[in-house]
Protein chains: 2
Amino acid sequence: MGEHLLRCDSCAVRHRSVCGALTRPEIERLNAIAHTKNLPPGHIILRDNEKPGYFANIISGVVKLTKSLGDGRQQIVGLQFASDFLGRPFRDFSPYHAESVTEVQLCTFEKTQFERLTKDFRDLEHRLFEHTLDELDAAQEWMLLLGRKSAEEKVASFLLMVARRMQSVGCKHSGGPTRFDLPLARAEIADFLGLTIETVSRQFTRLKVDKYISLEGSRTIIVLDMERLRALSERSDG
Amino acid sequence: MGEHLLRCDSCAVRHRSVCGALTRPEIERLNAIAHTKNLPPGHIILRDNEKPGYFANIISGVVKLTKSLGDGRQQIVGLQFASDFLGRPFRDFSPYHAESVTEVQLCTFEKTQFERLTKDFRDLEHRLFEHTLDELDAAQEWMLLLGRKSAEEKVASFLLMVARRMQSVGCKHSGGPTRFDLPLARAEIADFLGLTIETVSRQFTRLKVDKYISLEGSRTIIVLDMERLRALSERSDG
DNA sequence: TTCGTTTGTTGATCTTCATCAACGTCCATG
DNA sequence: CATGGACGTTGATGAAGATCAACAAACGAA
């Protein structure tokens, strides 16, 4: 294996993703089984309860993980952003449905080849483990939201989460306006928060009226005071 | 290291817990750092946001993991039963509060000693990983419940979950009555389901009136028809 | 036993959010 | 330019569950 440049060397998420732990020879072997894939919004990546064919790193874009009840009620159980890892290692069937919500660029690895690599490279498995712990933290934080927060707190929490994960432009440490685009439509936000479309819409106008945010179109959010929004999201005070 | 008997050899959860993967010499080293601990109900095992001192396997009893908002609202984000592993490896601060809900017997391992062992024994880390994946599955399943199920469906789902995890006596494959004791009080069930005590109580009487279950005292449940209860828990039909 | 505390049940009422319905806006397409 | 569809907002009404309150049952301690 030589010193020539790999695709991985110019990868935007090289160090934040699970690949970050790999040594040069390791990254070369991983590079050899990697294929990038571009998906339009709404592309189904993984079907609930089906055998996944590949794993993937998200290079850019947003993917939603959903579960649903027999009668069509749906809940988003995870949102994955750039540098997140997609797929459940060591599981034969997907416990959720995965679908792109924006244009998405993936770096995919065929399932069995990738699993062989996790056996060979202990750091890779460890990194996957760490990532899974992060997902678990996020899931449990969201359980608190779903079980115990009001609609207003839910929407505020959602905006904070997206602002943080979208690495929005002009993200001051705190205070001062921050602008970013929502990756999700109202219906998806509702599925994420356990609310209806109408309630989400009403809460947006409420936040607007109360000067927490302002809107440009329906997708662009300007948070006027991040700290005040954070306070609202947990209502220790008002 | 000889062939003498270890405490682990007579452990009730030896093979279901994370220890199940270990070879003889490995289990001997683990045994050397293990201490059993008996806790009464209501004992605080881990405080939210504090440094944990030890990890533990649950040998018997039930432990609840909770998160709360500033104003006292609380949500149970995990329930751990016999053979479950307690504590977040590779994390310095606990993301939740952990407390025994019944009498609990733990097999504890001092944190740094145990982490050294996970470095030495790859299978141990792998087993922890698998356990974390199970926790994540459970958390996401519960997000669907919290976000999208009605109070009645929530309580039905809860009973099914407990019946499954408590390895209840007379657990026919399906159909036929099944009896078990609830490990949680009404207030804890409410915190688990994102409801109030009153609503939980009302749903219990509803299930009783509708002949899904019968009660002996407030803790002993007899599920009259498991399959019918399962149908109710997802209301694809009535 | 009796008292007091904790836990659970039930009823009356109120609040929040869902549901149903109408309408507006933005695009894509013929 | 009209037409239709997807998406978002707003209003009127209803239902599920929260809240407030009273009481019952279980249990431990004096």
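In what follows, chains are A, B, ... by sequence order, proteins preceding strands, each numbered from 1.
Atom-to-atom distance recorded for B:Leu207:CG and B:Leu232:CG is 6.5 Å, nearest 0.5 angstrom.
The B:Arg202 side chain lies nearest to C:dG11 when the options are C:dC17, D:dG17, C:dG11. Nearest to the side-chain atoms of A:Thr196 among the listed nucleotides D:dT10, C:dT19, D:dG17 stands C:dT19. Proximity note for B:Leu195 (side chain, C-beta onward) versus C:dA21, C:dG8, D:dA18: the nearest is D:dA18. When each of D:dT19, D:dT9, D:dA18 is scored by its nearest atom to the side-chain atoms of A:Leu215, the top-ranked nucleotide is D:dT9. Closest contact between the side chain of A:Ala151 and the listed nucleotides D:dG8, D:dG17, C:dC17 involves C:dC17.
What separates CD of A:Gln203 from C1' of D:dT10 is a distance of 14 Å, to the nearest Å. Rounded to whole Å, atom C1' of D:dG17 lies 15 Å from atom CG of B:Leu146. For the pair A:Glu216 CD and D:dG8 C1', the interatomic distance rounds to 17 Å; values are reported in whole Å.
At distances below 3.5 Å, at least one donor-acceptor pair connects side-chain atoms of B:Arg186 with backbone N or O atoms of B:Ser218.
Taking the six-membered ring where tryptophan is involved, the planes of A:Phe158 and A:Phe192 are perpendicular, since the angle between them exceeds 60° and thus also 30°.
The nearest pair of heavy atoms linking A:Glu153 to A:Arg148 is OE1-O, 4.5 Å.
Residues A:Phe55 and A:Phe109 keep their aromatic ring centres 6.0 Å or farther apart.
Between the side chain of A:Glu198 and the base of C:dC20 there is at least one donor-acceptor pair of N/O atoms closer than 3.5 Å.
Remark on DNA chain D: of its neighbouring residues A:Ile197 and A:Arg148, the 5'-side contact belongs to A:Ile197, judged by nearest-heavy-atom nucleotide. Looking at which nucleotide of DNA chain C each of B:Lys208 and A:Ser150 is closest to, the 5′-most match is held by B:Lys208.
Checking the phosphate oxygens (OP1, OP2) of D:dA26, no side-chain nitrogen or oxygen of B:Ser218 falls inside 4.0 Å. Applying the 4.0 Å criterion to OP1 and OP2 of D:dT9, one finds that A:Arg186 has a side-chain N or O inside that range. At the phosphate of D:dT10, neither OP1 nor OP2 sits under 4.0 Å from any side-chain N or O atom of A:Ser201.
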